[in-house]
Amino acid sequence: IKGLVIQNCDHAISISGELTGGNWIYGNLIGTESDGLSAAANNVGVFIGDGSTANMVGSNGDGTDDPSEANTIAHNLTAGVMIDGEATLGNTVRHNTMHHQSGNGIVLENGANESIAAPSGLYQGDFEPPLHGMMKLSGENSRPEAWVDIYTVDDGENCDGMTYLDSALADEEGQWS
């Protein structure tokens, strides 16, 4: 699903059911006008549920055209992306611009994606090596050997990822830097 402007819907994009996996949602404006900035809210930007597996929302992270693969997901009322259901597994949300949701940017409900929690224990380190001119960051309690994406946030309330900065691969103990 690519290149759409989707606005004023209950679920702008809905992928639901065991036979609906393997979709790639990229390069869309979800919850905005065609300018990518002005609000045109949906209730939920992207909904994945009822056993749908292995869907990708945003970039595949292969280093080719990654910025153009990002979705802008903004101004939605309940969530930017909602993944729901214990059998709804292996779905990824990466490299998107997410901001100004009334709820959280990404919501996992009812055991979806094995209830993966956001990494915790974010540490501000020294200035070597700089991360896009910023301090070095590290953290813990990520899923072992999973990618952790680092963003700036639009506000401290909902912690949406407005601007993608970089990624780090967690080690076998869930530590990353």
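For reference, positions follow the sequence shown, starting with 1. Heavy atoms only: backbone and side chains are in, while hydrogens, waters and symmetry mates are out.
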Are [X] and [Y] connected, step by step, through hydrophobic side chains (Ile, Leu, Val, Met, Phe, Trp, Tyr) whose heavy atoms are closer than 4.5 Å?
X      : Y      : result
Ile83  : Ile15  : yes
Val81  : Val107 : no
Ile116 : Val46  : yes

Do side-chain atoms of [X] reach the backbone of [Y] as a donor and acceptor pair under 3.5 angstrom?
X      : Y     : result
Asn96  : Met98 : no
Asn55  : Asn23 : yes
Asn71  : Ile25 : yes
Asn113 : Asn91 : yes

Is the ring pair His75/His99 parallel, tilted or perpendicular, if the boundaries are 30 and 60 degrees?
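Ring orientation, 0 to 90° scale: perpendicular.
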Let me see the working for Leu77 and Ser102 under side-chain contact (heavy atoms from CB on, under 4.5 Å), right down to the final yes or no.
CA-CA 5 Å; Leu77 302 177; Ser102 294; 4.0 Å; yes
Suppose we screen for side chain to side chain donor-acceptor pair (under 3.5 Å). Which residues come up paired with [X], at least two apart in sequence or across chains?
X      : value
Ser16  : Asp50
Thr53  : none
Thr32  : none
Asp171 : none

Got a second to check how far [X]'s [atom1] is from [Y]'s [atom2], nearest 0.5 Å?
X      : Y      : atom1 : atom2 : answer
Leu169 : Glu145 : CG    : CD    : 7.0 Å
Ile106 : Met82  : CD1   : CE    : 12.0 Å
Ile30  : Thr97  : CD1   : OG1   : 11.5 Å
Thr72  : Asn28  : OG1   : CG    : 9.5 Å
Tyr26  : His95  : OH    : NE2   : 15.5 Å
Asn104 : Asn76  : CG    : CG    : 12.5 Å

Can you run down the salt bridge (Lys or Arg N to Asp or Glu O under 4.0 Å) pairs that involve residues 69-97, sequence neighbours left out, and say none if there aren't any?
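Applying salt bridge (Lys or Arg N to Asp or Glu O under 4.0 Å) to every pair that reaches into residues 69-97, excluding sequence neighbours, yields Arg94-Asp149.
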Decide yes or no for Ile73 and Gln101: does some side-chain heavy atom of the first lie under 4.5 Å from some side-chain heavy atom of the second?
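A side-chain contact exists here, since the closest heavy-atom pair is under 4.5 Å.
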Do the non-hydrogen side-chain atoms of Cys9 and Asn42 ever get within less than 4.5 Å of each other?
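With C-beta onward as the side chain, the pair touches.
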Show your reasoning for whether side-chain contact (heavy atoms from CB on, under 4.5 Å) applies to Ile48 and Val57.
CA-CA 10 Å; Ile48 302 172; Val57 179; 3.9 Å; yes
Suppose we screen for salt bridge (charged side-chain N to carboxylate O under 4.0 Å, His left out). Which residues come up paired with Asp66, at least two apart in sequence or across chains?
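Checked Asp66 against salt bridge (charged side-chain N to carboxylate O under 4.0 Å, His left out); zero matches.
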Trp147 to Ser167 - nearest heavy-atom pair and separation:
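Looking at all heavy atoms of both residues, the shortest contact is CE3-CB, 3.8 Å.
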Shortest non-hydrogen contact from Ala12 to Gly45?
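In terms of heavy atoms, the two residues are closest at CB-O, 3.0 Å.
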